[in-house]
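Just so you know, these numbers come straight off a predicted model, no measurement behind them. Hydrogens, waters and symmetry mates play no part in the numbers below; they use all other heavy atoms, side chains included.
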Amino acid sequence: MNKNKNEVDITQLTFEQTKKIRAYLKKLIENGGSDLHVKSNGVIRARINGAIIPFSGSIFSYEDAMTLSKEILRSRFSELVENKEVDLVYQFDERNRFRVNIFFQTDGPSFVFRAIPMNIPTIDEMNYPEMVRAFAKESRGLILVTGTTGSGKSTTLAAMIHEINITQKKHIITIEDPIEFVHKDRGCIINQRSVGQDTLSFDRALRAALREDPDIILVGEMRDRETIELALHAADTGHLVFSTLHTVDAKETINRIIAIFPNEEQNRVRLSLAGVLKGVISQRLIPTKENKRVAAMEILVKTPTIEKLILENRDYEIKEAIEKGREHYKSQSFDQHILDIYNAGIITKDRAKDYATSASDLELKMSGLNSGKAADTLKKPEKNGNDIVLDDDIFDLK
């Protein structure tokens, strides 16, 4: 019988390339990095505290990259050849896992290893605004966490699911691609499904979830119109639905959801979204003075005013409504939270302006406040012996 030309003969693999990459992953872990980048015909690099730095002085060849693909994927190598990209989770040891994306680019295969913390963060440990905990107490509706890739969306969702798990007795179904944080049953039953392994797609799993007696459904990402439609329906039928989008703020999030539908359906979707939306958390990770990163959050809380703005297509007024609702509804714009973080002494003025929605407006507010006085809701983290200090030297992994 003829073998598929893309089928891997595991007996012929020495796993030497995997051993080499594991040494780099170990160094990444030791230095608190978030991502390891391995590119054909390029040097190996790492992202530490948001910055890409070289991890090796030698070129990782095309041949080595192809061999590494086979060693990591084994029977799934043909999937990479066919689809040109593959997602998986790599278990480094009992305490460390990585989300891996392998993809083809001009020079051959490339790999991005994203560190997945094994310890699920809590809302208190992350020093999140109190509205994050309040959202976890909702019984129904839609709550969205948004931001660019690497902005900490998964961490925030994990913290909210953990809060529910230790304080309530519910059935939670998560649909993820891939599963990052693994939750153990505490007060809740938690069934986690990985797209590609446990289900074929987000929309298929979401449709099935409605027949599986859930109280809470987490959809890893609302990627298409059908998934968004099903999520809105699930929220409308008495479930609490969490999900994410790659949008920069609350206003863009609402626009993105509505714009994905044809013009003739957009009024219907506005009506549905205005009815079920409970809140939007948008995130930006800002480098701190202590060489770490802190999450700045814009938080939209659905109020009668916000609902009216969505219904009447006045999305351009949402930011102002968020800022005005801070005292009574605990909502906040990015610039309001960034100002808090700056006043707490956690970030520099330049960093604050770099990440602000309006740097000029923020600077005016800074000039009228005592920058040395910490905001009541924030604490400056204590420096400890585990803080990372990096220089410009290339790491020696020999």
Point-to-point distance, once rounded to the nearest 0.5 Å, from [atom1] of [X] to [atom2] of [Y]:
{"X": "Gln192", "Y": "Ile172", "atom1": "CD", "atom2": "CD1", "value": "9.0 Å"}
{"X": "Ile44", "Y": "Tyr24", "atom1": "CD1", "atom2": "OH", "value": "4.0 Å"}
{"X": "Lys292", "Y": "Ile346", "atom1": "NZ", "atom2": "CD1", "value": "11.0 Å"}
{"X": "Leu309", "Y": "Tyr316", "atom1": "CG", "atom2": "OH", "value": "8.5 Å"}
{"X": "Phe242", "Y": "Phe135", "atom1": "CZ", "atom2": "CZ", "value": "9.5 Å"}
{"X": "Asn267", "Y": "Phe261", "atom1": "CG", "atom2": "CZ", "value": "13.0 Å"}

Pick out which of Lys153, Met131, Met160, Glu298 makes a side chain to side chain contact (heavy atoms under 4.5 Å, CB included) with Ile281. Met160
Does the [X] side chain pair with the main chain of [Y], one donor and one acceptor, at a distance under 3.5 Å?
{"X": "Asp335", "Y": "Thr357", "answer": "yes"}
{"X": "Asp93", "Y": "Arg95", "answer": "yes"}
{"X": "Gln17", "Y": "Lys70", "answer": "no"}
{"X": "Ser331", "Y": "Ile322", "answer": "yes"}
{"X": "Gln332", "Y": "Arg326", "answer": "no"}
{"X": "Thr247", "Y": "Thr146", "answer": "no"}
{"X": "Lys302", "Y": "Gly275", "answer": "yes"}
{"X": "Thr199", "Y": "Val195", "answer": "no"}
{"X": "Arg351", "Y": "Thr288", "answer": "no"}
{"X": "Asn49", "Y": "Pro287", "answer": "no"}

Could you list the residues that satisfy side chain to side chain contact (heavy atoms under 4.5 Å, CB included) with [X], not counting sequence neighbours?
{"X": "Thr155", "answer": "Pro121, Met126, Tyr128, Phe181"}
{"X": "Asp361", "answer": "Ser358"}
{"X": "Ser194", "answer": "Pro178, Ile179, Gln197, Asp198"}

What I want to check is whether the side chains of Thr174 and Glu176 have a donor and an acceptor closer together than 3.5 Å. yes
Does either side chain, that of Thr122 or that of Asp124, offer a donor lying less than 3.5 Å from an acceptor on the other one? no
Heavy atoms of other groups near [X] [atom1], more than 12 under 6.0 Å:
{"X": "Glu307", "atom1": "CD", "result": "yes"}
{"X": "Lys170", "atom1": "NZ", "result": "yes"}
{"X": "Asn119", "atom1": "CG", "result": "no"}
{"X": "His246", "atom1": "NE2", "result": "yes"}
{"X": "Gln91", "atom1": "CD", "result": "yes"}

Would you call Glu180 and Arg97 a salt bridge, using N to O less than 4.0 angstrom? no
Check which hydrophobic residues are tied to [X] through side-chain heavy-atom contacts below 4.5 Å, counting indirect links as well, and list them.
{"X": "Ile52", "result": "none"}
{"X": "Ile166", "result": "none"}
{"X": "Leu311", "result": "Leu271"}
{"X": "Ile189", "result": "none"}

I need the full list of salt bridge (charged side-chain N to carboxylate O under 4.0 Å, His left out) pairs touching [range], with sequence neighbours left out, sorted by first then second residue.
{"range": "residues 158-167", "answer": "Arg133-Glu163"}
{"range": "residues 235-245", "answer": "none"}
{"range": "residues 258-274", "answer": "Glu229-Arg268, Glu265-Arg268, Arg270-Asp315"}

Are side-chain heavy atoms of [X] and [Y] found at a separation under 4.5 Å?
{"X": "Ile120", "Y": "Ile161", "value": "no"}
{"X": "Ile338", "Y": "Ile347", "value": "yes"}
{"X": "Leu362", "Y": "Tyr355", "value": "no"}
{"X": "Leu28", "Y": "Phe55", "value": "yes"}
{"X": "Asn96", "Y": "Leu25", "value": "no"}

In one Ile/Leu/Val/Met/Phe/Trp/Tyr side-chain cluster, 4.5 Å: Leu157, Val280: no
If Ile, Leu, Val, Met, Phe, Trp and Tyr residues are connected whenever their side-chain heavy atoms lie under 4.5 Å apart, and connections chain through other members, are Leu68 and Met66 in the same group? yes
Considering non-hydrogen atoms only, spot the tightest contact between Phe60 and Lys20 and give its length. CE1-CD, 4.2 Å
For the student: nearest non-hydrogen atoms of Ala296 and Ile286, plus distance: CB-CD1, 3.7 Å
Quick one: do Val301 and Ile306 satisfy side-chain contact (heavy atoms from CB on, under 4.5 Å)? Show the steps, please. CA-CA 8 Å; Val301 180; Ile306 292 292; over 6 Å; no
Donor-acceptor pairs under 3.5 Å, side chain of residues 102-118 to any protein atom, not counting sequence neighbours: which ones?
{"residue": "Gln105", "atom": "OE1", "partner": "Asp107", "partner atom": "N", "Å": "3.0"}
{"residue": "Gln105", "atom": "NE2", "partner": "Gly108", "partner atom": "O", "Å": "3.0"}
{"residue": "Gln105", "atom": "NE2", "partner": "Ser110", "partner atom": "OG", "Å": "3.2"}
{"residue": "Arg114", "atom": "NE", "partner": "Asp35", "partner atom": "OD1", "Å": "3.2"}
{"residue": "Arg114", "atom": "NE", "partner": "Asp35", "partner atom": "OD2", "Å": "2.5"}
{"residue": "Arg114", "atom": "NH2", "partner": "Asp35", "partner atom": "OD2", "Å": "3.2"}

List the atom pairs, with distances to 0.1 Å, where a side-chain N or O of residues 207-222 and a protein N or O form a donor-acceptor pair under 3.5 Å, not counting sequence neighbours.
{"residue": "Arg207", "atom": "NH2", "partner": "Glu226", "partner atom": "OE2", "Å": "2.3"}
{"residue": "Asp215", "atom": "OD2", "partner": "His171", "partner atom": "N", "Å": "2.8"}
{"residue": "Glu221", "atom": "OE1", "partner": "Arg223", "partner atom": "NE", "Å": "3.2"}

